[in-house]
Novice: 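What follows is a single structure, and I will ask about it in a moment.
Heads up: numbering here begins at 1 and tracks the sequence.
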Amino acid sequence: MTPAVTLPYHSGIAFVLEGVTEKVFYQEYLEWCCRGTDGAAMERLPDKDYVVHVGNKATLVKFNVMGSVSSIPNATAWVQKTCKESSLTSWTVVLCYDTDGNSSLSLNTRAWQRFRQDLKAMHLPVIDLAADADIEDVMLADLDGVRRYLGLPSDVLPRGKKGKSKLNSLFKVADITRPYHEAERARDLIRHLDFAAIEERAPMDLARLHCALMSEG
């Protein structure tokens, strides 16, 4: 009898994100989730994917940065190949984007609506972390942490309407020559944030992702 083949992963999580800053944020958030869970660890693979180990459970984690609404058809194809055509049978798709209409990936665009319909047709579980907020607004849920990182007193308040402009205003107060930078250059700031505070105050259900990732079932 041919022995059964044991897959290296028990499940998969596929992130579809608006930009690189979101990717960096969720990478660091997953690392934080692992640090707070006994027996959990996050490993980066040579192909830049990740594996989250929780006890005997191994979850493959993939990221796809969409960037603009024109990339949505590519994201549909990516999800199809990643989730429906892989040897893993258990996948969850995590959607991370700004829905406020100023975003190039606004919930109101027809392309985005078609993408969501495609996901439904694929019968894939979805964790929707969409919010009427920049990822920088989510980071500012830990305003005290941002101020500590910048060495600012607790009475300094951000100025601006959106998260990026608010963060930039705080950076300029700390050092007029030091603007806020997005993407990979935001990683050091993100690493200094209190994710417990963000999880509690953010305008999306981060705890749902936390539970899905850290459960051993």
Novice: Evaluate Thr92 against Ser11 for side chain to side chain contact (heavy atoms under 4.5 Å, CB included), listing each step before the verdict.
Specialist: CA-CA 8 Å; Thr92 299; Ser11 60; over 6 Å; no
Novice: Enter the distance from Cys33:SG to Met214:CE here, rounded to the nearest 0.5 Å.
Specialist: 5.5 Å
Novice: Please confirm whether the backbone N or O of Thr59 pairs with a side-chain atom of His10, one donor and one acceptor, at under 3.5 Å?
Specialist: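 Not a single qualifying donor-acceptor pair exists.
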Novice: Output yes when a side-chain donor or acceptor of Tyr29 lies under 3.5 Å from a complementary backbone atom of Leu206, and no otherwise.
Specialist: yes
Novice: If you round to the nearest 0.5 Å, how far is OH of Tyr9 from CH2 of Trp91?
Specialist: 9.5 Å
Novice: Considering all heavy atoms of both residues, which atom of Asp49 and which atom of Lys62 are nearest to each other, and what is their separation?
Specialist: OD2-NZ, 2.6 Å
Novice: Is it the case that the ring center of Tyr26 lies less than 6.0 angstrom away from the ring center of Phe63?
Specialist: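 Between Tyr26 and Phe63, which both carry aromatic rings, the centre distance is not below 6.0 Å.
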Novice: Are the side chain of Arg147 and the backbone of Val156 linked by a donor-acceptor contact shorter than 3.5 Å?
Specialist: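 Yes; at least one donor-acceptor contact below 3.5 Å.
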Novice: Does any non-hydrogen side-chain atom of Glu182 lie less than 4.5 Å from one of Lys164?
Specialist: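 Side chain of Lys164 against side chain of Glu182, heavy atoms only: contact under 4.5 Å found.
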Novice: Looking at Val94 and Leu129, what are the two nearest heavy atoms and their distance?
Specialist: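 The pair with the smallest heavy-atom distance is CG1-CD1, 3.7 Å.
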Novice: To the closest 0.5 Å, what do you measure between CZ (Phe15) and CG (Leu30)?
Specialist: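 The CG atom of Leu30 is 4.5 Å from CZ of Phe15, to the nearest 0.5 Å.
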Novice: Kindly give the heavy-atom pair with the smallest separation between Ala202 and Val138, and that separation in Å.
Specialist: CB-CG1, 4.0 Å
Novice: Taking the basic N atoms (NZ, or NE/NH1/NH2) and the acidic carboxylate oxygens, is any pair closer than 4.0 Å for Asp134 and Lys162?
Specialist: yes
Novice: As a quick check of understanding, evaluate side chain to side chain contact (heavy atoms under 4.5 Å, CB included) for Leu170 and Leu143, giving each step before the final call.
Specialist: CA-CA 10 Å; Leu170 292 173; Leu143 176 56; 3.8 Å; yes
Novice: Applying side chain to side chain contact (heavy atoms under 4.5 Å, CB included) to Arg114 and Thr76, what does each step give before you reach the verdict?
Specialist: CA-CA 9 Å; Arg114 285 197 299 271; Thr76 300; over 6 Å; no
Novice: Quick check for you: to the nearest 0.5 Å, what is the distance between Ile190 atom CD1 and Ile135 atom CD1?
Specialist: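 Nearest 0.5 Å value for the CD1-CD1 distance: 7.5 Å.
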Novice: In Å and rounded to the nearest 0.5 Å, what is the CG to CZ distance from Asn168 to Arg159?
Specialist: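 Between Asn168 CG and Arg159 CZ, I get 13.0 Å after rounding to 0.5 Å.
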Novice: Is the backbone of Ala197 close enough, under 3.5 Å, to the side chain of Asp142 for a donor and an acceptor to pair up by distance?
Specialist: no
Novice: Does a salt bridge link Glu136 with Lys166, judged by any charged N lying under 4.0 Å from a carboxylate O?
Specialist: no
Novice: Please give me the minimum heavy-atom distance between Asp128 and Arg208, naming the atom from each residue.
Specialist: N-NH1, 4.2 Å
Novice: Could you go step by step and tell me if Leu124 and Lys84 meet the side chain to side chain contact (heavy atoms under 4.5 Å, CB included) rule?
Specialist: CA-CA 9 Å; Leu124 289 167; Lys84 300 301 290 183; 4.0 Å; yes
